[in-house]
Each structure stands twice: as structure tokens, then as C-alpha cells.
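A short write-up of the structure that comes next.
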Protein chains: 2
Amino acid sequence: MGKAALAAKAPEERRERILRATIAVVRARGFAGTRVTDIAVEAGTSQGLILYHFGSLAGAFAASLTLLEDEFYEELDRNLSEVVGPVPRLRHIAELGAGHGPAVGDWRLWLELWVRAIRDDDARAARESLDTRWRGALRQVVDEGLAAGVFEASDPKASVLRLAALMDGLAIQLALAEPGMTPSKFTELWWQSAVLELGISPVSAVTGSKGGQKKN
Amino acid sequence: MGKAALAAKAPEERRERILRATIAVVRARGFAGTRVTDIAVEAGTSQGLILYHFGSLAGAFAASLTLLEDEFYEELDRNLSEVVGPVPRLRHIAELGAGHGPAVGDWRLWLELWVRAIRDDDARAARESLDTRWRGALRQVVDEGLAAGVFEASDPKASVLRLAALMDGLAIQLALAEPGMTPSKFTELWWQSAVLELGISPVSAVTGSKGGQKKN
DNA sequence: AAGATTCTTGAACGGTCATTCAGTTAGGCT
DNA sequence: AGCCTAACTGAATGACCGTTCAAGAATCTT
């Protein structure tokens, strides 16, 4: 009976383990390079089980995307509630993008998702949903700042769109390890744009970072 | 003999036809979805010939990337020489990105290249070279503008980096047909950032477009 | 505890596809 | 013309890989 308690894996647990394994493998090999066997090995199960639960490899991909979404949302909320005040929060976002925060940070996975979204409807829906949510969070911070009078923007919607797009664009270079692009450079470049775009005063801009203006 | 003149295809011609076909198929199906047969059909040759010339499918991919580079360079130069003066030229760039100009415009192909660059060295080299060249062109326009006194930027290098990255980021939305993103919106969003980033005066900003400020 | 149901396995199947290859054609050279 | 090499073909090969399946656990029901 003690044995049973240890050996017994709820099927649900198995399912989730497979989905996590799927994400891990896609991260490492990309969608195109992911085999059923890879997932099985990573999850410590058989190939058969993957097909049993998800019907096909594509089905496993699709299901793993919704897990990815859930975790992204959760983490985003957790991250943003960590910091208060529009400027520090925006600054926090600038740092998040650079790769702090595990789920948010893996830009290569994002690239994979974008390309898959060109032709796969599940991926398209997932990426759109993620993007909307992400822009919404950014929008919310911007609105807070506008209300508090520390940001100014003639067209907040456009500003948010641009800042979000800029982050994606910078992310590409980070993901591809473009020489000269580092996480801290990423953060600074984006932050500068935010300052410019939202008319953040130099004083608050510097104070934005929690630790003051110490650089290293 | 007349016959010979018509029928005779220089092998070089065949080679190039295959490379063009490769690009076309990748554009349509992505790297992951491209089969040797597809290329053969598109090029009107046999599968065998592709392998004969390029050794492998990956080889054909690699070779087609250098053709892509060449055409990109050529087209970029052609496009930029069309317009004179820093402001109109920058404006022209804003419009180019939105998809005018065939080779420059196909952002989906760019996405494919980015993802392939994660794991394939040839793709990585090609994309880096393309990117460098592209940023160089942007940089040149910015320098012109600075010299002429119509732009101002405290850190031109960073400005160029940001403007280039922003274009990539916006391109993703264009490539994925994000609802609400259109070529003209793309152009306007980017242009606004350029105006902000380079301190372009409203007067020249409006005159930037060749046709004056007509909107429709 | 017997039976039914769900879960799990891994071997076998079958299709797809890059690559090979034996042979054909065409062009250039003498 | 006759030979040699490069270009070219497409059928055959063989590996890889998603999916199927028959059978075996585990769990649940009563």
C-alpha cells in the first residue's frame, strides 16, 4: 500500500508531465525537430502514451500551447504585482524582457511559435492570445502612469503597440545572440524608447530602477 | 542549330532556376515544409539535379540564401537611390518595410530565416549579413540627416538599432496578419517613432512623403 | 474479489522522403 | 565523326518516424 502510494501516478500527472516535456523539447529542438520519441524520453514514458492522450504529435503541440499560456499568464501576474508604481513597474517590464523570469524569458520559443503561427491555427490562436494579454499588461501600466501624470502620450494605444513591437524586435537579436546584444543592452535600449515615448522625466527615469542608479 | 540555341540551357541557368524555385517554395511552405520534390516541380527539373548541383537539400537551402542576399542588396541599393534627401529617404524606408518592393517585403520569409538561424549556421550567417547591411543603410540615412541638421540624436547608433528592431517587431504582426495591422499602419507607426527618435520637425515630417500630406 | 474500465507499453506497420545510382543525353574538343 | 566529360533523369533504396495495435498493468466499481 505504501508501494501503491508511491507508484501510483494520477493519469493527469502523466499528462502534464508529457506537456512539460513537449515544451522542453520544442525549446531545445524547435517544432520542426521535435519527435514523438524525444518527448517520450524527456517525459519518461512511452511513445504510445503520448498518442493515447493527445491523438497525434500535432495534438500534443496544441495542448502544450495552452499549458504555456496558463503559465505565462500566471507568471506575468505574479511578476507585475511584485512592483508598484508606474515607473518602477515599467522599468521592471524592461528587465523582464531581457530574460529574467523563466517562462517569459525564452525568446527562442517565441520565435518558434511565431513561425508555427504562420501555418498552424492553434499556434496562431495561442500566440495572438499571449500577445494580447501581454500588450494589455503594458497598456495597463501606461494608463496608470498617465493617470498619475508621470507619463504623457498623445496616442497611448500607438505607444503601447510600438513599445511591444520594439521588444519583439530586440528579442530577435537576443534570441539569435547577435554580437553586441546582451540582456542589459536590451533593457537599456528599450527603456530609452519608453522614456522617449512616454515623456518620462529624467528624474523618475533614473529612480525607476529599484536600486537607484547604480550601474556595474 | 536554331534548335540548339533555344534548347541549350547553360547549366548555370538551371542552377539559378533551382535556387529561385527553392526560395519560392520556402516562401510558400516554410523550410520545414519544403521537399526536394517541391523544388523540382517548381523548377521544372528532376529531383536528381538538385542533389547533383547542391549535394543535399540543406545545401540547396544554403545556396539559395546567398542568392537571396545578392538580390536583397541589389534591391536595397536600387530602392534607396530612387529618393534623395534624408527625410524623404527615411520616409521611403518606412514605406519599404510595409511591403513595397518585392524582395524586401516578404516578412514571412524573414521569420523563417530567423528561426532557421537558431540552429543552422548558414542561415545564421545570412541573416546576420542581411541585418548588418540593412542597419548600415539605415545608419547612412540617419548620418546624412544629422549632417544636414534635419535630424538630431544623442546616440545615433542606439537610435538606428531601435528603429531597425522596431521594424522587425512590427513586421511580425504584419507577417502574422494581426488584426488591425496593415501596411499603412505599419508605415505610420514606424514613422512616428522615427520622428520622435530623430527629432524631426513637424514641417519636414509632413513634407517627407513625396506626394505632400495627402491622406486617404 | 471479479469484472470492467482506464491507462500504459513497445513492437510492428506503412508512408514519406532524402539520397543513391545506373543509365541517358548533350556539348565540347580533336 | 567519335570520344570524353559534364549535365541530367527518375526509378530504386533505405532510413526515419508518426501512428496503430494487441496485450498487459493499474485502478475503480460493485
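Just so it is clear: chains get the letters A, B, ... in the order the sequence lines come, proteins before strands, and each one is counted from 1.
- No donor-acceptor pair closer than 3.5 Å links the side chain of A:W114 to the backbone N or O of B:L111.
- For A:R35, taking side-chain heavy atoms from C-beta onward, the closest of the listed nucleotides D:dC17, D:dC8, C:dC17 is D:dC17.
- Taking only side-chain atoms of A:L51, from C-beta outward, the nucleotide of C:dT8, D:dG10, D:dT20 with the closest atom is D:dT20.
- Distance A:I50 CD1 to D:dC17 P: 14 Å, rounded to the nearest Å.
- Taking the ring centroids of B:F72 and B:W110, they lie under the 6.0 Å cut-off.
- The distance between atom CD of A:Q47 and atom P of D:dT20, rounded to the nearest whole Å, is 13 Å.
- Summarising the geometry, the separation between CZ on B:F54 and P on C:dT19 is reported as 14 Å, rounded to the nearest angstrom.
- For the pair A:R15 CZ and C:dT6 C1', the computed distance is 14 Å after rounding to whole Å.
- A:E13 places its CD atom 15 Å from the C1' atom of C:dT8, with the value rounded to the nearest Å.
- Listed nucleotides: D:dC17, C:dT8, C:dT9. Nearest to the side chain of A:T45: C:dT9.
- Residue B:H53 places none of its side-chain N or O atoms closer than 4.0 Å to OP1 or OP2 of D:dA6.
- Checking the phosphate oxygens (OP1, OP2) of D:dC8, no side-chain nitrogen or oxygen of B:Y52 falls inside 4.0 Å.
- Taking atom CZ of A:R17 as the reference point, atom P of C:dC7 lies 16 Å away to the nearest angstrom.
- No more than 12 heavy atoms of other residues, nucleotides or ligands shown are found within 6.0 angstrom of CZ on A:R29.
- The side chain of B:L57 has C:dT19 as its nearest neighbour among C:dT19, D:dT19, D:dA7.
- Counting non-hydrogen atoms under 4.0 angstrom, B:L49 reaches a base of the nucleic acid.
- Here C:dA18 is the nucleotide among C:dC7, D:dT9, C:dA18 with the atom lying nearest to any side-chain atom of B:V36.
- Using a cutoff of 4.0 Å between basic side-chain nitrogens and carboxylate oxygens, A:R127 and B:E178 are scored as salt-bridged.
- No side-chain donor-acceptor contact under 3.5 Å links B:R124 to the backbone of B:R119.
- Closest to the side chain of B:R14, out of D:dT9, C:dC17, D:dG18, is D:dT9.
- Between the CD atom of A:E12 and the C1' atom of C:dT6 there is a distance of 14 Å, rounded to whole Å.
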